[in-house]
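Here is the structure we will look at.
Quick note on labels: first sequence line is chain A, next is B, and so on, each numbered from 1.
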Number of protein chains: 2
Amino acid sequence: MRSNPERRLALIDAAIEVLAKEGARGLTFRAVDKEAAVPPGTASNYFANRDDLFTQVGGRIYERLLPDEATIARGREGVQDETRYAELMHELVARISAFNSGYLALLELRLESTRRPELRAVLTKRIREDIDANIAYRAASGLPGDSTSVVLLYLALNWLIVERLTLPDIFTEQEVRELVEAAVRRALNA
Amino acid sequence: MRSNPERRLALIDAAIEVLAKEGARGLTFRAVDKEAAVPPGTASNYFANRDDLFTQVGGRIYERLLPDEATIARGREGVQDETRYAELMHELVARISAFNSGYLALLELRLESTRRPELRAVLTKRIREDIDANIAYRAASGLPGDSTSVVLLYLALNWLIVERLTLPDIFTEQEVRELVEAAVRRALNA
DNA sequence: AACGTAGTACTACAGGCGGAGTGGTGTCAA
DNA sequence: TTGACACCACTCCGCCTGTAGTACTACGTT
């Protein structure tokens with residue numbers, strides 16, 4: 001088992017692209033090698049087996065989907081009002097739509113986790129933490145709305161992103177914008 | 001190309017199970033044969049190629065997820081108030097959770113449709129129709145709430161089902177019930 | 001009632017693709 | 001000099017597709 005950290009990271013990021021492009025079943029050592037443009041056999045040396053590969057990707061994918069620290073810091077400063085919150089949500093949808101393959105890869109991982117307990121454990125932990133962080137953030141911001149509102153917003157935005165990424169013709173850009181705003185409005189009125 | 005309709009249907013339903021169990025990439029003629037317990041080569045005779053198989057499954061899956069006609073009829077009778085509507089939504093979540101593999105298969109198809117234009121066209125059509133039907137139903141019922149409310153409810157419930165099916169430990173049964181009710185309440189208050 | 005025909009079920013096979021895993025060799029740095 | 005890693009090559013294996021060929025069944029014809 002090799003341990004060059006940059007290379008490992010490059011392989012994992014390549015694996016995310018493969019997941020998005022080829023699906024979970026297409027995530028093989030060889031495909032990762034090719035995507036990362038390293039000699040065949042390399043991924044084999046960095047991951048014990050496919051299960052290990054899935055688990056490591058599961059640990060990494062969430063880092064790539066979350067905003068970077070600068071964005072988080074910007075989110076925390078300035079007035080915390082409804083307009084600001086709506087801005088943040090638009091930013092979230094835009095960011096994820098931009099890193100398209102990351103979200104698709106996460107969906108693939110979710111489905112795959114049906115068959116891989118280890119992966120499921122990793123994802124459950126990460127996602128539960130993210131939800132809790134969102135709830136805490138909302139509570140700290142002083143904006144109205146309880147944790148149920150936060151979760152409902154989370155639910156709606158997630159599926160909206162799925163819809164955009166998988167069947168883009170279901171909703172127009174315009175409808176998506178309106179839906180995000182309506183969701184935020186409702187989340188803050190309860 | 002063979003044309004025994006029952007056999008074709010049996011193969012398609014077997015394909016749905018395969019999709020849920022093995023993922024989109026695992027959907028091969030041979031796997032379908034095995035799942036349907038028919039001799040190897042049969043699926044090959046019923047579908048021109050994998051693309052054809054995907055498209056036919058895409059056309060069928062939605063029928064299996066929708067309530068049967070009896071349920072629909074029951075939904076339309078009786079008083080149409082908020083309590084009734086909430087009941088229907090609970091029924092929906094329960095029904096889909098029960099036919100677990102159908103929904104997972106649909107998710108697989110959505111992801112696969114990223115790579116298959118024909119499949120995407122079929123799914124887009126079906127799902128758009130379903131959303132429109134929901135909007136029309138709500139409008140006809142005389143309950144409060146505009147189409148945005150209906151769609152937001154649709155979004156939230158869909159992701160809630162995803163969450164339940166893929167990472168069941170994220171929300172407890174209790175939380176799921178509360179979320180469904182909160183979502184319905186908000187959808188009817190706007 | 002016997003026969004022929006068409007459509008379907010089943011079986012078998014040829015050919016190919018792609019992946020896992022491993023061992024060996026080269027290379028660089030401590 | 002030694003150890004860790006990059007790179008390369010090779011073998012083994014499993015699975016899939018597509019098709020050809022055979023057997024069966026039902027139905028229509030005479």
Side-chain angles (χ1 to χ4, degrees), chain A residues 1-58 60 105 108-109 111-112 114-119, chain B residues 1-58 60 105 108-109 111-112 114-119:
Chain A
M1 183 92 72
R2 307 296 157 79
S3 66
N4 177 337
E6 294 106 50
R7 209 152 220 246
R8 162 160 273 120
L9 218 55
L11 288 171
I12 292 179
D13 286 347
I16 292 174
E17 295 302 320
V18 172
L19 271 175
K21 276 191 235 163
E22 309 294 335
R25 187 96 167 215
L27 183 66
T28 63
F29 290 153
R30 290 298 190 268
V32 172
D33 290 335
K34 197 178 286 180
E35 176 72 32
V38 296
T42 304
S44 237
N45 289 330
Y46 274 83
F47 307 95
N49 46 47
R50 278 184 85 226
D51 221 82
D52 185 31
L53 176 56
F54 272 106
T55 309
Q56 292 200 33
V57 173
R60 165 83 174 148
E108 292 282 358
L109 285 178
L111 288 173
E112 188 66 18
T114 292
R115 291 153 242 152
R116 296 181 191 275
E118 275 192 49
L119 176 58
Chain B
M1 183 92 69
R2 307 298 158 78
S3 65
N4 177 336
E6 293 107 50
R7 209 154 222 245
R8 162 160 273 120
L9 216 55
L11 288 171
I12 293 180
D13 286 347
I16 292 175
E17 296 302 320
V18 172
L19 271 176
K21 278 192 233 164
E22 309 294 336
R25 186 96 166 216
L27 183 66
T28 64
F29 290 151
R30 288 299 186 269
V32 172
D33 290 335
K34 198 176 286 180
E35 177 72 31
V38 297
T42 304
S44 235
N45 288 330
Y46 275 84
F47 306 95
N49 47 46
R50 279 185 84 224
D51 221 81
D52 184 31
L53 176 57
F54 272 106
T55 309
Q56 293 200 33
V57 173
R60 164 83 175 148
E108 292 283 357
L109 285 178
L111 289 173
E112 188 66 18
T114 292
R115 288 155 243 152
R116 296 182 191 273
E118 275 192 49
L119 176 60

| request: Answer with yes or no whether B:Arg7 presents, from its side chain, a donor or acceptor under 3.5 Å of a partner atom in the base of C:dA9. | output: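 Not at all, since no donor on one side and acceptor on the other fall under 3.5 Å apart.
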| task | Please confirm whether any donor atom in the side chain of A:Arg50 sits under 3.5 Å from an acceptor in the base of C:dG19, or the reverse. | result |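 There is none.
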| task | Would you kindly compare B:Gly41 and A:Gly41 by the position of their nearest DNA chain D nucleotide and give the one closer to the 5′ end? | result |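 Comparing both residues, the 5'-ward one is A:Gly41.
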| When you match A:Val38 and A:Arg25 each to their closest nucleotide on DNA chain D, which lands nearer the 5' end? |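 So the residue in question is A:Val38.
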Quick one: which of [options] gets closest to the side chain of [X]?
X: A:Tyr46; options: C:dG19, D:dA6, C:dC10; answer: D:dA6
X: B:Arg2; options: C:dA9, C:dA20, D:dC5; answer: C:dA9
X: B:Ser3; options: D:dA6, D:dG18, C:dT8; answer: C:dT8
X: B:Asn4; options: C:dT22, C:dA9, D:dT17; answer: C:dA9
X: B:Asn45; options: C:dA20, D:dC8, D:dT19; answer: D:dT19

Please report the distance, rounded to the nearest Å, between [atom1] in [X] and [atom2] in [N].
X: A:Asp33; N: C:dA20; atom1: CG; atom2: P; value: 9 Å
X: A:Lys34; N: C:dC17; atom1: NZ; atom2: C1'; value: 11 Å
X: B:Phe29; N: C:dT11; atom1: CZ; atom2: P; value: 19 Å
X: B:Asp52; N: D:dT17; atom1: CG; atom2: C1'; value: 15 Å
X: B:Arg30; N: C:dA12; atom1: CZ; atom2: P; value: 13 Å

| message | Any carboxylate oxygen within less than 4.0 angstrom of a Lys/Arg side-chain nitrogen, looking at A:Glu35 and A:Lys21? | response |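 Result for this pair is yes, salt bridge flagged.
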| message | Let's go through A:Asp13 and A:Arg60 carefully: what are the C-alpha distance in whole Å and the side-chain angles of both, what is the deciding distance for side chain to side chain contact (heavy atoms under 4.5 Å, CB included) to 0.1 Å, and is it a yes or a no? | response | CA-CA 8 Å; A:Asp13 286 347; A:Arg60 165 83 174 148; 3.1 Å; yes
| query | Which atom pair, heavy atoms only, marks the closest approach of A:Ile12 to A:Gln56? | reply |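 That closest heavy-atom pairing would be CD1-OE1, 3.8 Å.
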| said: Looking at D:dC16, I'd like to know if its phosphate oxygens (OP1 or OP2) sit under 4.0 Å from a side-chain N or O belonging to B:Thr28. | reply: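 For B:Thr28, the contact criterion (side-chain N or O under 4.0 Å from OP1 or OP2 of D:dC16) is met.
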| query | Is the cationic atom of B:Arg8 (NZ for Lys, CZ for Arg) positioned less than 6.0 Å from the six-membered ring centroid of B:Phe47 and within 45 degrees of its normal? | reply |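 That pair qualifies as a cation-pi contact.
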| field | Point-to-point distance, once rounded to the nearest 0.5 Å, from CZ of B:Arg7 to CG of B:Asn45 | value |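 If I round to the nearest 0.5 Å, the distance is 9.5 Å.
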| Toward the 5' end of DNA chain C, which comes first, A:Pro40 or A:Ala31, by nearest nucleotide? |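 Counting from the 5' end, the first nearest nucleotide belongs to A:Ala31.
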